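In what follows, a structure is listed as structure tokens, so that the remarks can point back to it.
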Number of protein chains: 2
Amino acid sequence: MSADPADGTTARPTVVPGQRATRQRAAIGDLLDQLDDFRSAQDIHEELRRRGEGIGLTTVYRTLQALAEAGEIDVLRTAAGEASYRRCSDTHHHHLVCRTCGRTVEVEGPAVEHWAEKVAAEHGFAEIDHTVEIIGVCESCRS
Amino acid sequence: MSADPADGTTARPTVVPGQRATRQRAAIGDLLDQLDDFRSAQDIHEELRRRGEGIGLTTVYRTLQALAEAGEIDVLRTAAGEASYRRCSDTHHHHLVCRTCGRTVEVEGPAVEHWAEKVAAEHGFAEIDHTVEIIGVCESCRS
DNA sequence: GAGCTTATCGACACCGGGTGTCAGTACCGG
DNA sequence: CCGGTACTGACACCCGGTGTCGATAAGCTC
Ligand SMILES: [Mn+2]
Ligand SMILES: [Mn+2]
Ligand SMILES: [Zn+2]
Ligand SMILES: [Zn+2]
């Protein structure tokens, strides 16, 4: 989970040169490790304050964005258009989310990946990116 | 394309009882028929005004939403979180969109549909819905 | 450890897409 | 042609998110 020892081989830009390790960033990182479904910036800010962390909402917004941009966490938009974040495994995957409780399962499928690339190529599109999310109601929410 | 004759079999609630046909709705519908990539409510409003239609932005927002909710048009969210609309074919499909010019191609694939259902079932999820969008750069935008 | 440079923080003003309100308008069934 | 009511749209407002900028504090140097 930590990073950047003296070896220059692992190109994990976890700590971009010039990036500082602050109490606030640590707090956000720790919290993300504990949560396991997608949460909005405001949720996270609220939870941190509840736990007694002094931290500003602006900081939470920007830190989450930076983490997302760095690929350390995943973002997805709720139906309302709000961004929500979650620390995921670092392999490519998609999400199966419960629309009631928010429970999230990481899923993957070569079938989709191939399909996406094939379809794009057939239409002359390049530099492809794709979003695939499945939303439904989980087992426990149905009882 | 039209609907609701006297037969009670086709449950196509295109014109919900109590819904009125107004000049504004007609104008929006006509414009949507002419455009063929995703446009925001503001784009559509602007274009209508340019063409001399007197119409309020609020009306455009609400009409597009209603059309989307009725399944008559598709919605998708831009990277900026803005909703954009397009009249599509009425069969289930997904989109291949150019991130430069917005050119849109409807695509479909049984492979993805099956995959989504299988994955959901495996994890005990029901009442599944899914979003699949492919974004890239189209051929002409690359030259 | 002190000093210094500079990334970061965060209160606050602000932005912009979208929504609630409500008085005025115009469909449309009778 | 009329009346009831769905619809319209100007306007105030909501709210997630961003720009600003003085205060703060990492972390490197000596
Ligand atoms: Mn994929
Ligand atoms: Mn599908
Ligand atoms: Zn659930
Ligand atoms: Zn293009």
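Since the structure is predicted, the reported quantities are computational estimates derived from the model, not experimental observations. Within every chain, numbering begins at 1; the chains are lettered A, B, ... in the order of the sequence lines, protein sequences first and strands thereafter.
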Checklist entry - Which whole-number value in Å describes the distance from B:Arg62 CZ to D:dA10 P? => result 13 Å
Item to check | Nearest-angstrom distance from the residue atom OH of B:Tyr61 to P of C:dG16 | outcome: 11 Å
Checklist entry - Going by atom types only, do A:His130 and A:Glu113 share a side-chain donor-acceptor pair under 3.5 Å? => result yes
Next on the checklist: I want to verify a distance call: between C:dT19, D:dG17, C:dC12, whose nearest atom is closest to the A:Glu82 side chain?
Outcome noted: D:dG17
Checklist entry - In whole angstroms, how far is the C1' atom of C:dT25 from the CZ atom of B:Arg25? => result 14 Å
Checklist entry - Within this structure, what is the CD1-to-P distance between A:Ile44 and D:dG16, rounded to whole angstrom? => result 14 Å
Checklist outcome for this item: When every non-hydrogen atom of A:Asp74 is compared with those of A:Cys88, the smallest separation belongs to OD2-SG, 3.4 Å
Checklist entry - When the distance from CD of B:Glu53 to C1' of D:dC7 is rounded to whole Å, what number comes out? => result 16 Å
Checklist entry - Contact class for B:Leu57 (heavy atom, under 4.0 Å): base, sugar-phosphate, or nothing? => result nothing
Checklist entry - Any salt bridge between B:Arg86 and B:Asp37, counting N to O under 4.0 Å? => result no
Next on the checklist: Whether B:Arg77 contacts C:dG17 is assessed here as follows: a side-chain N or O lying under 4.0 Å from the phosphate OP1 or OP2. Is that the case?
Outcome noted: no
Next on the checklist: Tell me whether B:Gln34 at atom CD has more than 12 heavy atoms from other residues, nucleotides or ligands lying less than 6.0 Å away.
Outcome noted: yes
Checklist entry - Between B:Glu82 and B:Arg77, is there a salt bridge with N-O shorter than 4.0 Å? => result no
Checklist entry - Base, sugar-phosphate, or nothing for A:Thr22, non-hydrogen atoms under 4.0 angstrom? => result sugar-phosphate
Next on the checklist: Less than 4.0 angstrom between a side-chain N/O of A:Gln19 and OP1 or OP2 of C:dA7, yes or no?
Outcome noted: no
Checklist entry - In terms of the nearest nucleotide of DNA chain C, which residue is placed more toward the 5' end: A:Ile55 or B:Thr58? => result A:Ile55
Next on the checklist: Rounding to an integer number of Å, can you tell me how far A:Glu69 CD sits from D:dT18 P?
Outcome noted: 10 Å
Checklist entry - Under 4.0 Å between a side-chain N or O of B:Gln24 and OP1 or OP2 of D:dG9? => result yes
Next on the checklist: Nearest whole Å is fine: how far is D:dG17 C1' from A:Gln65 CD?
Outcome noted: 8 Å
Checklist outcome for this item: When B:Ala83 and A:Val60 are each assigned the nearest nucleotide of DNA chain C, the 5'-most assignment goes to A:Val60
Next on the checklist: Of the options C:dA11, D:dA6, C:dC9, whose atoms approach the side-chain atoms of B:Arg20 most closely?
Outcome noted: D:dA6
Checklist entry - Expressed in angstrom and rounded to an integer, what is the separation of B:Leu64 atom CG from C:dT19 atom P? => result 11 Å
Checklist entry - Counting any heavy atom closer than 4.0 Å, what does B:Ala80 reach on the DNA or RNA strands: base, sugar-phosphate only, or nothing? => result nothing
